[in-house]
Amino acid sequence: QVQLVESGGGSVQAGGSLRLSCAVSGDTQKSYCVGWFRQAPGKEREGVAALYTGDGERNYADFLKGRVIISQDNSEHTVYLQMNNLSPDDTAVYYCAADAGYCRSYAGTWFWHTDEFTYWGQGTQVTVSS
């Protein structure tokens, strides 16, 4: 079992950048697929990027490739989401989630589904103003 705590959200102007953090605690001896999701008001939760902690393999949702980078610091058990060139459409609550095993992906594209993730953080708000 793991616990996830997100941080790093806030308000930023369009064109700006933010780095979100997901601190993973608990049974960190196992390897997990750690994914970042977001949910905008009135919209369904959608996947952004995912990383397999065992080898650092990274995968991205197609529509965000090139604007976000997911990474990890193994020593800190933290997974980061660097977001660049933000727009008001990126305004959402961002969640990290984890599940034991590999991320479902192909050639760097993440085929996410929220039901596949067992552990979730509480979310961090990102607001982008124009």
Side-chain angles (χ1 to χ4, degrees):
Q1 190 170 6
V2 293
Q3 295 78 45
L4 308 170
V5 178
E6 303 97 332
S7 61
S11 298
V12 64
Q13 289 193 326
S17 299
L18 278 176
R19 189 177 79 158
L20 307 182
S21 300
C22 174
V24 182
S25 61
D27 187 5
T28 56
Q29 296 303 309
K30 289 182 180 176
S31 296
Y32 295 88
C33 175
V34 177
W36 281 98
F37 293 81
R38 69 183 188 183
Q39 188 165 18
K43 295 187 177 181
E44 293 188 353
R45 197 167 296 189
E46 62 183 355
V48 175
L51 178 147
Y52 177 60
T53 62
D55 61 9
E57 180 186 83
R58 312 176 192 193
N59 300 283
Y60 297 93
D62 263 344
F63 71 100
L64 278 169
K65 279 185 180 178
R67 288 205 300 122
V68 300
I69 300 171
I70 190 169
S71 62
Q72 68 173 339
D73 182 332
N74 276 333
S75 63
E76 297 292 330
H77 301 298
T78 301
V79 176
Y80 301 100
L81 184 70
Q82 176 70 40
M83 302 189 294
N84 301 316
N85 194 24
L86 288 162
S87 76
D89 289 342
D90 295 315
T91 294
V93 178
Y94 284 73
Y95 300 88
C96 68
D99 199 64
Y102 293 96
C103 303
R104 196 152 59 97
S105 63
Y106 180 75
T109 298
W110 181 30
F111 297 99
W112 56 269
H113 199 289
T114 55
D115 288 350
E116 294 178 341
F117 286 80
T118 304
Y119 309 104
W120 289 84
Q122 82 289 351
T124 186
Q125 176 71 46
V126 171
T127 303
V128 185
S129 58
S130 57

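Each residue takes its place number in the sequence, starting with 1.
Partners of Val128 under the side chain to side chain contact (heavy atoms under 4.5 Å, CB included) rule, at least two apart in sequence or in another chain, are Val12, Ala14, Leu86, Pro88, Asp90, Thr91, Val126. In terms of the side-chain hydrogen bond (donor to acceptor under 3.5 Å, both in side chains) criterion, residue partners of Gln39 (sequence neighbours excluded) are, by chain and number, Arg45. For Thr127, the side-chain hydrogen bond (donor to acceptor under 3.5 Å, both in side chains) test picks out Gln125, with sequence neighbours left out. In this structure Glu46 satisfies the salt bridge (Lys or Arg N to Asp or Glu O under 4.0 Å) test together with Arg38, sequence neighbours excluded. Residues passing the salt bridge (Lys or Arg N to Asp or Glu O under 4.0 Å) test with Asp73: none are found, sequence neighbours excluded. For Ser17, the side-chain hydrogen bond (donor to acceptor under 3.5 Å, both in side chains) partners are Asn84, not counting sequence neighbours.
Within the structure, the salt bridge (Lys or Arg N to Asp or Glu O under 4.0 Å) test picks out the following pairs touching residues 5-28 (sequence neighbours left out): Asp27-Lys30. Pairs of residues two or more places apart, or lying in two chains, never qualify as ring-ring contact (aromatic ring centres under 6.0 Å, His included) while including a residue from residues 66-96. Among residue pairs with one or both ends in residues 91-114, those qualifying as salt bridge (Lys or Arg N to Asp or Glu O under 4.0 Å) are Arg104-Glu116; sequence neighbours excluded. The disulfide (SG to SG under 2.5 Å) analysis of residues 100-130, with sequence neighbours excluded, yields the pairs Cys33-Cys103.
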Under 3.5 Å, side-chain donor or acceptor atoms of residues 49-58 against the rest of the protein: list the pairs with distances, not counting sequence neighbours.
unit_1	atom_1	unit_2	atom_2	d
Thr53	OG1	Tyr32	N	2.8
Thr53	OG1	Tyr32	O	3.3
Asp55	OD1	Glu57	N	2.9
Glu57	OE1	Asn59	ND2	3.4
Arg58	NE	Ile70	O	3.4
Arg58	NH1	Ile70	O	3.3

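Heavy-atom contacts from other residues, nucleotides or ligands closer than 6.0 Å to CD of Gln122 number more than 12.
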Using side chain to side chain contact (heavy atoms under 4.5 Å, CB included), reason through Trp36 and Val79 one step at a time and then give a plain yes or no.
CA-CA 9 Å; Trp36 281 98; Val79 176; 3.9 Å; yes

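Linking ILVMFWY side-chain heavy atoms closer than 4.5 Å, directly or via other members, places Tyr102 and Val48 in two distinct hydrophobic clusters. Taking hydrophobic clusters as Ile, Leu, Val, Met, Phe, Trp and Tyr residues chained together by side-chain heavy-atom distances below 4.5 Å, Ile69 shares a cluster with Leu20.
Between the OG atom in Ser21 and the CD atom in Gln72 there is a gap of 13.0 Å [rounded to 0.5 Å]. Between the OG1 atom of Thr124 and the CG atom of Leu18 there is a distance of 8.5 Å, given to the nearest 0.5 Å.
Using a 30° and 60° split on the angle between ring planes, Trp110 and Trp112 fall in the tilted class, from 30° to 60°.
The minimum heavy-atom distance between Phe37 and Ala97, with the atom names listed, is CE1-CB, 4.0 Å.
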